[in-house]
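Source: prediction; values computed, not measured. Letters A, B, ... are given to chains in the order of the sequence lines, protein chains preceding strands, and every chain is numbered from 1.
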Amino acid sequence: MLGSRIDSDIPPKLVAALEANVSVPPRLRQEIMSLSLQNREQIENLAASIVRHISLFAGTENILPILTKLDQATSGVLSLVPRDDKMRVDNEASLVLARRAAITLAAKLGFGPVERTKVATAVSELARNIVMYAKVGEIRLSVVTNAKIGLAIEARDNGPGIPDIDKVLSGGFRSKTGLGMGLRGVKNIAQEFTVQSAPGQGTRVRAVFYLNMR
Amino acid sequence: MIDRIPILRIRDLLLVSIQADLHDILVEQLQSDILKELERKSARGLVLDISALNILDTYTARAFVHTAQMARLMGTRTIVSGMTPAIAMTLTEMGFSAGGFETALDLESALTALSTQDTDEE
């Protein structure tokens with residue numbers, strides 16, 4: 001009972017807070033008012049709609065400031081502001097968790113289904129390389145806000161490192177296990193890609209995916 | 001997290017509907033379960049339905065290629081059905097060649113393809 005009463009309070013507060021910053025068209029208002037707080041997927045989709053709406057009508061640079069105000073107005077129940085995430089990767093289960101975290105963050109940023117899949121696949125490839133070659137490492141997901149909004153994936157480990165990284169990336173080297181394929185694949189689907197690696201010095205990969213606003 | 005994906009047998013077809021978030025151990029387990037089932041009793045076709053998946057990375061995709069190759073050596077034709085557009089785009093852009101396994105838009109098309117093969121041969 002108490003839970004549902006708190007819930008029913010949230011949508012009108014959210015509409016009011018959003019309206020203080022940008023105009024709210026009827027369809028978005030309706031989407032907010034029909035929000036069920038138990039439905040995570042619905043919250044993620046709504047978060048995506050809000051991000052798109054703000055970026056179109058208030059500009060990309062205002063996304064995070066406005067989301068912060070929305071979270072304040074709704075006591076942080078929806079946690080609309082995307083948070084950076086750092087995860088230890090050392091086994092299968094952590095690989096799956098990292099992938100899910102990537103999908104959630106991408107959804108919050110307003111990425112569509114194809115972009116979400118690309119981001120999660122990239123995380124999967126990088127996390128797998130860590131588990132297979134370095135045994136342990138970390139994946140960091142963070143939000144990039146310059147001219148465009150984006151999601152950055154950073155993978156770090158202190159494993160054996162890759163001897164000839166250029167050869168791996170150019171496709172001149174094919175491992176039985178598929179390290180090259182995974183790294184090249186991530187390079188192909190990311191908008192920015194850098195890798196630093198040398199024998200004995202571990203590996204650092206950074207891949208950035210930008211939100212395509214059309 | 002589940003540790004096994006069930007394999008259904010319908011007459012001489014094996015049907016595997018992958019609903020779980022796939023991880024490597026699960027994929028390896030599935031591969032060996034399929035081969036064991038084929039050894040137990042031969043099957044004309046194998047359908048891997050992945051319509052519930054929203055991620056398929058190159059490791060898993062390659063595992064499917066290997067599964068299809070092994071199944072072929074044991075006299076079974078493999079079809080991967082239900083790949084979402086997002087996965088198809090991602091794999092293609094990553095440079096993964098999907099030539100290693102046959103695909104069908106959905107489960108029904110996969111079953112139709114395998115039963116057409118029946119009538120062709122009869």
Side-chain angles (χ1 to χ4, degrees), chain A residues 41 44 89-104 106-107 111-133 153 168-171 174-191 193 207 209 212, chain B residues 1-5 17-33 48-70 80-101 103 105-106:
Chain A
E41 201 184 327
E44 281 172 11
V89 175
D90 56 1
N91 60 20
E92 293 290 317
S94 56
L95 192 155
V96 171
L97 289 180
R99 229 152 50 181
R100 283 191 196 148
I103 289 205
T104 305
F111 282 57
V114 176
E115 257 48 48
R116 286 180 213 181
T117 296
K118 284 185 186 170
V119 168
T121 307
V123 166
S124 194
E125 304 286 355
L126 298 177
R128 170 164 299 103
N129 283 351
I130 291 177
V131 174
M132 275 186 154
Y133 297 98
I153 305 167
V168 169
L169 289 178
S170 67
R174 279 169 207 279
S175 74
K176 268 187 201 158
T177 41
L179 166 109
M181 166 115 238
L183 268 186
R184 279 197 303 279
V186 174
K187 181 174 181 242
N188 288 343
I189 55 173
Q191 278 85 48
F193 180 86
F209 293 79
N212 181 7
Chain B
M1 220 183 282
I2 66 156
D3 58 356
R4 239 191 176 99
I5 298 170
S17 170
I18 301 170
Q19 309 275 343
D21 207 345
L22 278 180
H23 56 83
D24 307 359
I25 294 169
L26 200 55
V27 172
E28 280 164 29
Q29 181 71 50
L30 175 65
Q31 199 171 54
S32 94
D33 285 351
L48 298 173
D49 185 70
I50 57 166
S51 51
L53 290 189
N54 49 20
I55 310 170
L56 184 67
D57 60 20
T58 55
Y59 178 90
T60 312
R62 267 175 346 139
F64 287 172
V65 172
H66 291 161
T67 306
Q69 281 169 352
M70 293 172 198
V80 174
S81 69
M83 189 180 287
T84 63
I87 290 179
M89 286 177 74
T90 304
L91 278 182
T92 307
E93 284 179 28
M94 288 179 92
F96 183 83
S97 150
F101 50 74
T103 54
L105 188 62
D106 51 26

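Neither the backbone nor the side chain of L26(B) comes within contact range of chain A, judged by heavy atoms closer than 4.5 Å.
For the pair A86(B) and P113(A), the tightest heavy-atom approach, listed with the atom from each and the gap, is CB-O, 3.9 Å. The two residues D21(B) and R100(A) come nearest to each other via the heavy atoms OD2-NE, 3.1 Å.
Between N188(A) and E93(B), every side-chain heavy-atom pair lies at or beyond the 4.5 Å cut-off. Taking 4.5 Å as the limit, every side-chain heavy atom of H23(B) sits out of range of all side-chain heavy atoms of L95(A). With a 4.5 Å cut-off on side-chain heavy atoms, V123(A) and I55(B) do not count as touching. Contact annotation: the side chain of N54(B) never approaches that of R116(A) to less than 4.5 Å [non-hydrogen atoms, C-beta and beyond].
To the nearest 0.5 Å, atoms OG1 (T58(B)) and CZ (R128(A)) are separated by 7.0 Å. M181(A) CE to R62(B) CZ: the interatomic distance, rounded to the nearest 0.5 Å, is 7.5 Å. Between the OG1 atom of T92(B) and the CD1 atom of I189(A) there is a distance of 11.0 Å, given to the nearest 0.5 Å.
Partners of T117(A) according to the side-chain hydrogen bond (donor to acceptor under 3.5 Å, both in side chains) rule, which considers only residues two or more places apart in sequence or in another chain, do not exist here.
Most heavy-atom pairs under 4.5 Å with chain A, from the set D24(B), T90(B), T84(B): that is D24(B).
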